[in-house]
Structure formats: C-alpha cells, structure tokens
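Excluded from the calculations below are hydrogen atoms, water molecules and symmetry mates; all remaining heavy atoms, backbone and side chain alike, are included. Please read all numbers here as calculations on a predicted model, not as lab measurements.
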Amino acid sequence: MTSITADNAASMDVVEASGPSGPRPRRLTAARLGVYGFLVVSALFFLIPLWVMIVTSLKTMPEIRLGYLFNWPAELTFDPWIKAWSTACTGRDCYGLSPGFWNSVKITSLSVPISIVVAMVNGYALTFWRYKGAELLFAILLFGAFVPYQVVIYPMLIGMGRIGLFGTLPGIVLVHTVFGMPILTLLYRNFFASLPVELFKAARVDGAGFWQILFRIMLPMSVPITIVAIILQVTGIWNDFLFGLVFGGRENSPMTVQLNNIVQTTTGTREYNVNMAATILTGLVPLAVYFVSGKWFVRGIAAGAVKG
C-alpha cells in the first residue's frame, strides 16, 4: 500500500511539473474574424434603428426637422412619451396608448393560461392515453399550425357573430386560444414523449388515474416547456394586430391597434417623436419578456427536442 501511494504521488509530481496539457487556445483566424464581423454587422443592423427611435422620441419637432437623425437630442424632452401614453389621438378619441395597454393586459392574461392548459391536456392525452383516432386528431392539429390566419378569418367572423361573441373580450380570448392550440399541443406532445414511459406505467400500477398522473407527475416535470409556451403566447398575443383589429371591436382594441391609429391619425403635422415613443412603449413588454426569460426559453426548447 505504501509503494502504491508513493507511485501515485510521484506520478502527480510529474504531471504538475509538466504543466498544463492539451491543445493551446486557437488564435484568431480569418474564418473567426469573418464570423465576428458578421455578428457585429448583424447587431448593428438591429441596433441602429432602435437607436434612431430612442433619440427621435426624445427630441422636439424643431430639432427633428434639422435632419440630424443619429444625434443625441440637444434639448432632452419626455413630452412625446407622456403624450403617446395619455393624450395622443387614436381617431376621434385622444386618450393615448393607455386604454390599449390595459386591453392587451386583459387579453393576454386570460388567453395565455387557458391556451396553455388546453394544450397541456391535449399533449398529455395524445402521448400517454392514446385513443382511437388520436393520430388523426394530432395530424389535424398539426395541419392547423401551418394554415394562414387570413384563410379562416372570414368563416370565424361569421361564426363569432352567430354566437354573439364578435367584438367582445371572451370572443378575442377564444380566438387566441384556438389559434395557439396547434403549436402548443405539438410542443407539449414532443416534451411528454421525451419523458421515460416507465414513470407513467409505475403510476398506473399504483392506481393513479388520468388527472392524478397529470397534476402530480407530469405537471411538475413540464416546467421548462411551460415557460416556453408562456413566452410564445405572451409575445404572440401582445404583438398581434390582425385578430385585435378584426375580433376585438372598439372597446377591446389592443395596444398594437391603438399604435396604428396614433400613427395614421394626423391633424396637419406628423409628430415623429410621438410615433417613435408610442412604438417603443408598445414593444417594451415583449422585449422585457425575452430579456428576462431568454435562457429559460432555450432550455425549454432543448428539453422537448429529444424525440417527437
């Protein structure tokens, strides 16, 4: 035992004396410089318009007319932001973006949980509780994920009018739930298919039923893909313009519709600073969601990409 210990100590001394091993760090090559250059150009491609929007929203109209597009404002003002939020005209009403913001909050807060719960149950049932016609139903849902929205707007418009939901908050929530179901069902089905089926079989042997397995086993394990679903739905519903314009009605117009009305409403002078401020305010929520939860989005997508 003593000789073995001595041999190990000697070998460790040899390794420490020889220094670090393995290949040296690669130097900057032409290929790497090309990749870095492409990334820098891509970042500038998206950051320059954002910079123009920010500095324009902080300038007065006389300074904007001077034409110095990229310059920081000589006279900093937040009046365009205040006007865009509270007093800008969206047609005949001059209440700014604030009514549209609260409408978007209501639509998103109701549509997101409903669509996620429905999609989770669908994906769970299609994975572990296969019934007759399950594959056909999944194929129909998958087909629905790739159907252009414009194709089915008119039939849905007629149907919503017949049942009295056109132009109402429940109506637009129903629309977002229906159109979010195919892609979310696909996400949950792929995620549940990547889980060991032995968990499901063991729960069945112990006497657990459909809802017990879902809430006690599958739901705690589906947190990563649920975060992905929340990000997709929040950003998709918040940025939606078409459904809000068609199905929302005057009283439930989301923020994107109000933004369009502000930009299109003019009284002789187009206020570019107010328009830029309104655009940034409308995009703050999706930007915040992506900045805060970007890493969880990548992890959740990778968690459901094992097999499908």
Side-chain angles (χ1 to χ4, degrees), residues 49-64 73 75-116 149 160 165-177 179-180 230-293:
L50 180 60
W51 171 259
V52 172
M53 291 171 59
I54 293 174
V55 297
T56 303
S57 68
L58 298 173
K59 294 178 181 179
T60 60
M61 283 303 300
E63 186 177 356
I64 292 174
E75 182 182 350
L76 191 66
T77 176
F78 292 95
D79 291 338
W81 291 73
I82 298 173
K83 183 174 182 179
W85 177 256
S86 58
T87 62
C89 293
T90 58
R92 68 181 186 183
D93 298 326
C94 296
Y95 303 117
L97 287 173
S98 53
F101 172 79
W102 295 114
N103 287 337
S104 293
V105 169
K106 290 187 291 185
I107 294 170
T108 304
S109 61
L110 292 174
S111 302
V112 170
I114 295 175
S115 57
I116 288 178
Y149 296 158
M160 299 287 284
L165 291 179
F166 176 74
T168 63
L169 181 61
I172 191 172
V173 168
L174 177 62
V175 170
H176 282 299
T177 300
F179 279 96
I230 291 174
I231 295 172
L232 289 177
Q233 282 297 88
V234 168
T235 55
I237 294 172
W238 191 274
N239 291 329
D240 169 68
F241 173 78
L242 183 61
F243 292 155
L245 179 65
V246 176
F247 297 101
R250 182 178 178 83
E251 299 297 328
N252 301 293
S253 296
M255 205 172 184
T256 50
V257 176
Q258 299 283 35
L259 171 63
N260 177 75
N261 294 340
I262 288 177
V263 174
Q264 298 299 328
T265 300
T266 57
T267 57
T269 301
R270 188 174 293 275
E271 298 178 303
Y272 296 103
N273 49 3
V274 176
N275 294 344
M276 294 299 181
T279 304
I280 297 173
L281 286 171
T282 305
L284 281 180
V285 171
L287 284 174
V289 170
Y290 273 120
F291 276 122
V292 171
S293 56

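Put simply, the side chain of Cys94 does not reach to within 4.5 Å of the side chain of Thr87, judged on heavy atoms. When side chains are defined from C-beta on, Val55 counts as touching Pro73, because their heavy atoms get closer than 4.5 Å. By the 4.5 Å heavy-atom criterion applied to side chains, Met255 and Leu281 are counted as neighbours. Between Thr168 and Glu251 the shortest side-chain heavy-atom distance does not fall below 4.5 Å. Put simply, the side chain of Lys59 does not reach to within 4.5 Å of the side chain of Glu75, judged on heavy atoms. At a threshold of 4.5 Å between non-hydrogen side-chain atoms, the residues Ile64 and Thr60 do not count as touching. Inter-residue side-chain proximity for Ile280 and Ser57 is flagged as met; some heavy-atom pair is nearer than 4.5 Å. Side-chain contact check for Ile107 versus Ile237: some heavy-atom pair is nearer than 4.5 Å.
Using a distance-only test at 3.5 Å, with no hydrogens or angles considered, a donor-acceptor pair links the side chain of Asn252 to the main chain of Gly167. Side-chain N or O atoms of Asp240 include none that pairs as donor or acceptor with a backbone N or O of Gly236 at under 3.5 Å. Under a 3.5 Å cut-off, the side chain of Thr56 and the backbone N or O of Met53 do not form any donor-acceptor pair. A donor-acceptor pair under 3.5 Å is absent between the side-chain atoms of Arg270 and the main chain of Gln264, judged by distance alone.
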- [ ] Check the pair Phe101 / Trp238 against ring-ring contact (aromatic ring centres under 6.0 Å, His included), numbers first and verdict last.
- [x] CA-CA 9 Å; Phe101 172 79; Trp238 191 274; 5.7 Å; yes
TODO: Give the C-alpha distance, both sets of side-chain angles, the deciding distance and a yes or no for side chain to side chain donor-acceptor pair (under 3.5 Å) between Gln233 and Ser115.
DONE: CA-CA 8 Å; Gln233 282 297 88; Ser115 57; 2.9 Å; yes
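Between Phe179 and Tyr149, the ring planes are perpendicular. Angles over 60° get that label, and only those under 30° would be called parallel.
Taking a 6.0 Å sphere around OH of Tyr95, one finds it holds 12 or fewer heavy atoms contributed by other residues, nucleotides or ligands.
To the nearest 0.5 Å, atoms CE (Met61) and OG1 (Thr77) are separated by 12.5 Å.
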